[in-house]
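What follows is a single structure, written as structure tokens, with notes after it.
All chains are named by letter (A, B, ...) in the order of the sequence lines, taking the proteins before the strands, and each is independently numbered beginning at 1.
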Amino acid sequence: MEAEIKGQLEVIKSRAVELISEEELAKKLAGSLRYNRPLKIKLGVDPTAPDIHLGHCVVLEKLREFQDLGHVAILIIGDYTARIGDPSGRSEARPLLKPEEIERNARTYVEQVFKILDEDKTRILFNSQWLEPLKLEDIILLSSKFTLARLLERDDFQKRFRSGLPISLLEFLYPIMQAYDSVAIGADVELGGTEQKFNLLVGRDLQREYGQEPQIILTMPLLVGTDGVNKMSKSLGNYIGVSEEPQEIFGKVMSIPDSVIIDYLELTTDLDPQEILRLKKGMDEGSLNPGDVKRMLSRKIVQRFYSEEKAREAEREFNQIFRDHELPSHIPELFLSSVIDLSDGKIWIVQLLRKAGLANTNSEARRLVEQGGVKINGETVADVELELNQDQLKRSILQVGKRRFVRLI
RNA sequence: GGGGGAGUGCCCGAGUGGCCAAAGGGAGCAGACUGUAAAUCUGCCGGCGAAGCCUACGGAGGUUCAAAUCCUUCCUCCCCCA
């Protein structure tokens, strides 16, 4: 049994940033093995963004590992807490969500999450179930267990406090509510990104208050977004969604700065650390082309959510467009008749770009033309005033930039 | 309750009467180059069929030939004192 515990600990600790605490976890694991009782691994999710992206996957993957070790994942959809909004890592309060939005987001979330989790070993709970019935009296009791000093310990609160930025009372309630989730389900372990550390710790405090054994907390690194600067997030638009098309995922991974390739290898693939180290060395010494490493990474990521075949296809497609500057295999088509006003049979290039959805405003379309970013059948359009008639456009291919194409039919 | 400060373009942030569609940075977009949608460099980056015009610096009024900049008032936020 000793060996089994050790083995599990190894798996659990891999890639994690912090484990509080290893001894307690070992004890819990021992109990779990002895009584054949799986541990309850909690992960709270905020139904604020309707798409799961690679950043979420880091934590979800860890949860999956727990499942594979025989434990049960408890996914808590923060449908109630979402009304408050988690202030973690934010410099300002988040806008409130409407109940309908929350519901819609939660549904998408659940759909996507099983790309990673084992459905049979997952329980999904909505925290409105126990938070909604709370009376003011209960909340007063709950808040009596915390002090301002304790809550202000939190890094982002402290920063905001010091720099004179507002902290809503509501936001103080958030960690308390999240902690109450742990009490409600009797969590053994709670997972989260590093920015969640404080909230997770509050869970321990509250569980103790309620006479429960405090949960173990395990924090995972945050994945940086495609911009290579900020953490991956939907709202920053630097994310790679697990439900995106293979081609899109491949391309987005190829667009990450070389400087974060290693991070991605570590956090989004199952490559062993030795291998990653070898790749890093290779790139540092110049014996490996980062572009090639990134290709491999992109392939692995696509493969993870689709298949090896799809990954290969995506790469072929990528090479075709970006390396060989050829046309993609699939080009969206647009009926000329829906674009051209038949009365005069002609259309201005700027209008055409807008109608084809390749530019949002005339100004944007003008700019694209002026900067030489627009091509028709491979020929750069040089004149902003260019007018085209139906015959010229029939079966032609309109291209903006390197990667946006429309076939006119 | 009293005193002080702040609100600028997608974000951060400079600007305190005309030279301001507003410095600088980031993001984004386009071009060049390439090893990739990397890095680097260059350009663009409110809208309008664009000469010019319109909209814009928290909201509403006002002063002025002229306001992001001055005045009044309202809203929001922050700090200090109590």
base_contact_polar (B:G35 base, A:Asp258 side chain, donor-acceptor, <3.5 Å) = yes
message = Please classify the nucleic acid contact of A:Glu387 as base, sugar-phosphate, or nothing, using heavy-atom distances under 4.0 Å.
response = base
ask   = Do A:Thr194 and A:Glu18 have side-chain N/O donor and acceptor atoms under 3.5 Å apart?
value = no
message = For B:C19, give the paired nucleotide (Watson-Crick: N1-N3 plus N6-O4 or O6-N4; G-U: N1-O2 and O6-N3; both under 3.5 Å), or none.
response = none
message = Which is more 5' along RNA chain B, the nucleotide nearest A:Thr226 or the one nearest A:Ile256? Just name the residue.
response = A:Thr226
Identity of whatever pairs with B:C77 - Watson-Crick or G-U, under 3.5 angstrom = B:G5
ask   = For atom P, what is the distance between B:A22 and B:C10, given to the nearest Å?
value = 15 Å
inquiry  = Under a 3.5 Å cut-off for both contacts, is B:C41 paired Watson-Crick or G-U wobble with anything, and if yes, with which nucleotide?
reply    = B:G31
message = Counting the atoms with a prime plus P, OP1 and OP2 as sugar-phosphate, which does A:Glu385 contact under 4.0 Å by heavy atoms, base, sugar-phosphate, or nothing?
response = base
ask   = If you check every side-chain atom of A:Asn362, which of B:A37, B:A30, B:A50 has the closest atom?
value = B:A50
inquiry  = Using a distance-only criterion (donor-acceptor N/O pair, under 3.5 Å, no hydrogens), is the base of B:A30 paired with the side chain of A:Arg367?
reply    = no
ask   = Looking only at side-chain N and O atoms, does A:Thr361 come under 4.0 Å of OP1 or OP2 in B:G47?
value = yes
task = Under a 3.5 Å limit for both distances, which nucleotide forms a Watson-Crick or G-U wobble pair with B:G52, could you say?
result = B:C48
message = Can you tell me which nucleotide in B:C44, B:G35, B:A37 comes closest to the side chain of A:Gln371?
response = B:C44
task = Please tell me which of the listed nucleotides, B:A30, B:U36, B:A38, lies nearest to the side chain of A:Leu368?
result = B:A30
query = Rounded to the nearest Å, what distance is computed from the NZ atom of residue A:Lys402 to the P atom of nucleotide B:G28?
reply = 14 Å
request  = Assess whether one donor atom and one acceptor atom, taken from the side chain of A:Ser363 and the base of B:A50, lie less than 3.5 Å apart.
outcome  = yes
ask   = Can a salt bridge be assigned to the pair A:Lys62 and A:Glu65 using a cut-off of 4.0 Å between side-chain N and carboxylate O?
value = yes
query = When all nucleic acid strands are considered with a 4.0 Å heavy-atom cut-off, which category describes A:Gly401: base, sugar-phosphate, or nothing?
reply = sugar-phosphate
key: Polar contact flag, side-chain donor to acceptor under 3.5 angstrom, A:Glu317-A:Ser329   = yes
ask   = What is the nucleic acid contact for A:Gly291, judged by heavy atoms within less than 4.0 Å: base, sugar-phosphate only, or nothing?
value = base
query = A:Pro257 near the nucleic acid: base, sugar-phosphate alone, or nothing, with a heavy-atom cut-off under 4.0 Å?
reply = sugar-phosphate
task = List the atom of A:Phe250, the atom of A:Arg295, and the distance in Å for their closest heavy-atom pair.
result = CE1-O, 4.0 Å
inquiry  = Taking B:A23 as the reference, what is the distance to B:U16 when you measure between their C1' atoms (whole Å, please)?
reply    = 15 Å
ask   = Does A:Tyr239 have A:Lys252 sitting over its ring (NZ/CZ under 6.0 Å from centre, angle to axis within 45°)?
value = yes
key: Toward the 5' end of RNA chain B, by each residue's nearest nucleotide, A:Gly372 or A:Asn360   = A:Gly372
key: For A:Phe66, ring-ring contact (aromatic ring centres under 6.0 Å, His included) partners two or more places apart   = none
request  = Classify the nucleic acid contact of A:Arg366 as base, sugar-phosphate or nothing, counting any heavy atom under 4.0 Å across all strands shown.
outcome  = base
